[in-house]
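Here's the structure we're looking at; comments come further down.
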2 protein chains.
Amino acid sequence: MLTKKAYYAFQALTHLVEKYNEGPVLISEIAEERKIPLKFLENILLHLKNTGILDSKKGKGGGYFLKNSPSEIKIAKVFRLIDGPIAMLPCVSLYFYQRCENCNEKFCGLHDILVEVRDATLAIMENRTLADLILRDKNPVGGLVSPEM
Amino acid sequence: MLTKKAYYAFQALTHLVEKYNEGPVLISEIAEERKIPLKFLENILLHLKNTGILDSKKGKGGGYFLKNSPSEIKIAKVFRLIDGPIAMLPCVSLYFYQRCENCNEKFCGLHDILVEVRDATLAIMENRTLADLILRDKNPVGGLVSPEM
DNA sequence: AAAAAGTCTACCGGTTTGGTAGGGTGTTTA
DNA sequence: TAAACACCCTACCAAACCGGTAGACTTTTT
């Protein structure tokens, strides 16, 4: 499960994507609109800044904003920055790999299954970006093609 | 990430699958061979018994054993019994669903992505069973078909 | 200089995790 | 029938993590 920290991070990023190119956004605005505890959000945004996702401006007219285009930041990256490994065991992780002491990966059935899970998860998370977080109508009244038919 | 409890559970189950139809297996045997703290393992096996995966026999010649055939127990089930939800957010979970307060699922991009992740994960975990945990040779010297070619 | 707004350090209570201790209970066998 | 065997049950515990708070500090703008 995602931690609340990661959940809040994604909410805040969603907000910043919606306001992309509208200049810096106040922490307090995000906190209020997304119902995130202010001081907790401060930590999160600062962390996202220190890891290169966000940038900020102090003083009047300041706030936080995305450093790069939303479509350049993969969901997987954000996830790893906040919550760490995506894989379900260290011996299956690409970015946080650690050998497991008690089992031989070559003959561990669990290892196999969790590698599959990891790959299936990454196939999605590495191909979605912050741009995919924002509102799109999921049930358009008319279809895309031949809406009258 | 899996908790240690779940990891140990899968190790113990793997052991019991290997000894399936050889009668009850001692907790102490599993603990020793799989290097799992004995008293911790007791808890885990008892839990797996109480939830219907395992059965046990007391007294001399006793021990734990699988209640049903290994191929009848899905990996997803064991996972849920020990670690709970497979989904990454409560609002995306099938077995542990909870509405999220701050966002409208219909217009939440994160929700969409995590539903995809859930489905991809379940496609694997619901189609693998305890039988898939045991040793198979992953790199046979000869192929399955026309090994000489 | 004052106000605005992010930055930094520190702390803290509650829950979960990963165990440990020790006696209780049911079964088998000598 | 009693000893040995092996699981069962309750309770406890330390460390880590999670979610959040407090408050002073720095930088920027007006």
Side-chain angles (χ1 to χ4, degrees), chain A residues 1-12 15-16 19 23-32 34-67 82-85 88-90 96 100-102, chain B residues 1-12 16 19 23-32 34-67 81-85 88-90 96 100-102:
Chain A
M1 299 277 277
L2 285 189
T3 61
K4 281 227 172 209
K5 190 170 180 179
Y7 178 66
Y8 290 153
F10 279 115
Q11 296 244 2
H15 195 90
L16 290 173
K19 306 272 182 176
V25 181
L26 292 179
I27 303 179
S28 56
E29 177 190 320
I30 303 174
E32 225 168 288
R34 300 283 172 166
K35 290 178 186 126
I36 304 171
L38 180 68
K39 296 297 279 181
F40 197 20
L41 182 58
E42 276 186 19
N43 296 337
I44 296 167
L45 295 181
L46 191 54
H47 183 193
L48 288 174
K49 178 188 172 176
N50 291 335
T51 51
I53 305 280
L54 299 180
D55 206 348
S56 67
K57 197 161 170 295
K58 287 183 178 178
K60 181 154 194 180
Y64 275 99
F65 49 95
L66 289 164
K67 201 166 179 176
I82 308 281
D83 274 358
M88 308 196 79
L89 280 180
F96 301 83
C100 42
E101 311 120 11
N102 300 348
Chain B
M1 298 277 278
L2 284 189
T3 60
K4 280 225 172 212
K5 190 169 181 180
Y7 178 66
Y8 290 151
F10 279 115
Q11 295 245 0
L16 289 172
K19 305 272 181 177
V25 181
L26 292 180
I27 302 178
S28 56
E29 177 190 319
I30 302 174
E32 224 168 287
R34 299 283 172 165
K35 288 175 187 131
I36 303 171
L38 180 67
K39 298 295 280 180
F40 197 20
L41 182 57
E42 274 188 21
N43 296 338
I44 296 167
L45 295 181
L46 191 54
H47 184 194
L48 288 174
K49 178 188 172 177
N50 291 335
T51 50
I53 305 280
L54 298 181
D55 206 347
S56 67
K57 197 163 171 292
K58 288 181 177 178
K60 182 154 192 181
Y64 275 99
F65 50 95
L66 288 165
K67 201 165 181 178
L81 284 176
I82 307 282
D83 273 359
M88 307 195 83
L89 279 180
F96 302 83
C100 43
E101 311 120 11
N102 300 348

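A note on names: the letters A, B, ... follow the listed sequences, proteins ahead of strands, and every chain is numbered from 1.
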Have a look at Leu26(A) and say if it touches a base, only the backbone sugar-phosphate, or nothing, with a 4.0 Å heavy-atom cut-off.
sugar-phosphate

To the nearest 0.5 Å, how far apart are OH in Tyr7(A) and CD1 in Ile36(A)?
8.5 Å

Mind calculating the distance between CG (Asp55(B)) and P (dG26(C)) to the nearest angstrom?
16 Å

Between dT29(C) atom P and Lys57(B) atom NZ, what is the distance in whole Å?
7 Å

Picking from dG23(D), dT21(D), dG19(C), which would you name as closest to the side chain of Pro37(A)?
dT21(D)

For Leu2(A) and for Gly59(A), locate the closest nucleotide of DNA chain D by heavy-atom distance; then report the residue assigned to the nucleotide nearer the 5' terminus.
Leu2(A)

From CG (Leu54(A)) to NE2 (His47(A)), nearest 0.5 Å
11.0 Å

When rounded to whole Å, the NZ to P distance for the pair Lys35(B) and dG19(C) reads 15 Å

Taken to the nearest whole Å, NZ/Lys39(A) to P/dA24(D) is 11 Å

Lys58(A) NZ to dT30(D) P, in whole Å, measures 16 Å

Are Phe65(A) and Lys19(A) close enough that some pair of their side-chain heavy atoms sits under 4.5 Å apart?
no

Just to be sure I understand the rule, does Leu45(A) reach a base, reach only the sugar-phosphate, or reach nothing, if contact means heavy atoms closer than 4.0 Å?
nothing

Should the heavy atoms of other residues, nucleotides or ligands under 6.0 Å from CD of Glu32(A) be counted, would the total exceed 12?
no

Using whole Å, what does the distance between atom C1' of nucleotide dA5(C) and atom CZ of Phe65(A) come to?
13 Å

Shortest non-hydrogen contact between Lys60(B) and Lys57(B), atoms and distance
O-NZ, 4.5 Å

note: Leu46(B), atom CG; dA6(D), atom P; distance rounded to Å ~ 17 Å

Looking only at dG18(C), dG22(C), dG19(D), the nucleotide nearest the Phe40(B) side chain is dG18(C)

Relative to the 5' end of DNA chain D, which residue comes earlier, Thr3(A) or Gly62(B), by the nucleotide with the nearest heavy atom?
Gly62(B)

Return the value, rounded to whole Å, for the distance between atom CG of Asp83(B) and atom P of dT17(C).
7 Å

Below 4.0 angstrom from OP1 or OP2 of dG19(C), is there any side-chain N or O of Tyr8(B)?
yes

